[in-house]
**Student:** 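Supplied in structure tokens, the structure appears directly below.
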Amino acid sequence: MTNRKKIAAGNWKMHKTFAEGQGLAQEIRTMADTELMNDAQLLIFPPYIHLQGLAKQLEGSKIGIGAQNINQFEQGAYTGEVSASMLTSIGIHYTLVGHSERRQYYNETNDSCAAKIVIALKHTIVPVYCIGETLTERETNQHFSIVEDQLHALKGLSNEDISKCIIAYEPVWAIGTGVTASSDQANEMHKHIRVVLTRLFDEHIAQGISILYGGSVKPDNAKELFSQSDIDGALIGGAALASRDFINIAKSF
Ligand code: PGA
């Protein structure tokens, strides 16, 4: 691994009441302070309504906090949506973009993701851009081209902006299923992502970006995944809901 940032990111999805979220955040903070000796960066992505409270609670800690989604417009008549400036106004500087569940259930496309990435960066929010193929796409050998198409959402960015982004490769067939991509399969795709980024930007940019793997990452498979040349961390769903598992994954670098 180069000097790329190592990141363990927890996507809480639609889990935890506020009180439960406060408890989980506190446990993670305590364990991170007392046990986490490596330089892994911890990020959590709780539901929107927890963000302000948890950002306050985690002030001064090593844990970064982000939103699970962001709207692509500055403001306006978009009932139920949350804008970039609302997020920064409560101290939030990370967001997931294009998680497969949002692509699947809320019709997010590569184009809408591209717009979300642009507005996030404009407002000093780091986008964690989620990409990955479905099972059918892998079985029909389209996985490399699907991921390449998804990466084209980044195409118009300046070198300065793309360098701020984080990419998460999450094969849809591995999310929440208990099936993990093998470390070889994951690393092969991460390498492909760097090839595409080299084409879209340059080698230096491609080698500098942190690419996380996501999809049934657990404490018992994290070490093997993190030992791969091009895997810089994980985006963790289920296992991020238990402080012990989340910290043990972060300790696996
Ligand atoms: P999982 O979810 O770890 O539960 O598979 C990963 C994700 O959706 O980000």
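Each ligand, and each atom within it, is numbered from 1 in the order the structure gives.
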**Student:** Pairs in or reaching into residues 10-30: which pass salt bridge (charged side-chain N to carboxylate O under 4.0 Å, His left out), with residues at least two apart or in two chains?
**Tutor:**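 For residues 10-30, and leaving out neighbouring residues, the salt bridge (charged side-chain N to carboxylate O under 4.0 Å, His left out) pairs sorted by first residue read Lys13-Glu101.
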
**Student:** Is it true that the side chains of Ser229 and Asn187 contain a donor and an acceptor less than 3.5 Å apart?
**Tutor:**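 Short answer, yes.
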
**Student:** Applying the side chain to side chain contact (heavy atoms under 4.5 Å, CB included) test to Ile211, which of Ile231, Asp230, Ile193 qualifies?
**Tutor:**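 Passing option: Ile193.
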
**Student:** With atoms numbered from 1 as shown, which atoms in ligand 1 lie under 4.0 angstrom from a non-hydrogen atom of Gly238?
**Tutor:**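 Under 4.0 Å from Gly238, ligand 1 has these atoms: 1 (P), 3 (O), 4 (O).
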
**Student:** May I ask you to list the atoms of ligand 1 that are less than 4.0 angstrom from any heavy atom of Gly176?
**Tutor:**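 What qualifies from ligand 1 is 1 (P), 4 (O), 5 (O).
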
**Student:** By the ring-ring contact (aromatic ring centres under 6.0 Å, His included) test, which pairs, at least two apart or in different chains, include something from residues 79-128?
**Tutor:**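 Applying ring-ring contact (aromatic ring centres under 6.0 Å, His included) to every pair that reaches into residues 79-128, excluding sequence neighbours, yields nothing.
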
**Student:** Any donor-acceptor pair under 3.5 Å linking the side-chain atoms of Glu133 with those of Trp173?
**Tutor:**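 Judged by distance alone, the side chains do pair up.
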
**Student:** Show the atoms of ligand 1 that are less than 4.0 angstrom away from any heavy atom in Asn11.
**Tutor:**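 Result: 9 (O).
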
**Student:** So is there a nitrogen or oxygen of Thr177 less than 3.5 Å from a nitrogen or oxygen in ligand 1?
**Tutor:**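 The answer is no, given that Thr177 and ligand 1 share no N or O pair closer than 3.5 Å.
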
**Student:** May I ask whether Lys218 has any heavy atom positioned less than 4.0 angstrom from an atom of ligand 1?
**Tutor:**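 Under 4.0 Å: no for Lys218.
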
**Student:** Hey, does Glu170 come in under 3.5 Å of ligand 1, counting only N/O atoms on both sides?
**Tutor:**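 Checking ligand 1 against Glu170, an N or O pair does fall under 3.5 Å apart.
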
**Student:** Would you say CE of Met14 has more than 12 non-hydrogen atoms from neighbouring residues, nucleotides or ligands within 6.0 angstrom?
**Tutor:**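 Open: at most 12 neighbouring heavy atoms sit under 6.0 Å from CE of Met14.
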
**Student:** Is there a heavy atom of Gly215 sitting under 4.0 angstrom from any atom of ligand 1?
**Tutor:**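 It does; at least one heavy atom falls under 4.0 Å.
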
**Student:** What I want to check is whether the side chains of Asn248 and Lys218 have a donor and an acceptor closer together than 3.5 Å.
**Tutor:**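 Note: Asn248 and Lys218 side chains miss the donor-acceptor criterion.
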
**Student:** List ligand 1 atoms under 4.0 Å from Ala174, heavy atoms only on the residue side.
**Tutor:**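 Those atoms are 5 (O).
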
**Student:** Counting from 1, what ligand 1 atoms have a heavy atom of Ser216 closer than 4.0 Å?
**Tutor:**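 Ligand 1 atoms under the 4.0 Å threshold to Ser216: 1 (P), 3 (O), 5 (O).
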
**Student:** Give the atom numbers and elements of ligand 1 that come within less than 4.0 Å of a heavy atom of His99.
**Tutor:**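 In order of number, 7 (C), 8 (O), 9 (O).
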
**Student:** Geometry only, no angles: is Gly237 polar-contacting ligand 1 at N/O separations under 3.5 Å?
**Tutor:**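 So ligand 1 has an N or O lying under 3.5 Å from an N or O of Gly237.
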
**Student:** Would you say Asn71 and Ser83 are linked by a side-chain donor-acceptor pair, where the criterion is simply a distance under 3.5 Å?
**Tutor:**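 There is no such pair (donor and acceptor under 3.5 Å, judged by atom type) between the side chains of Ser83 and Asn71.
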
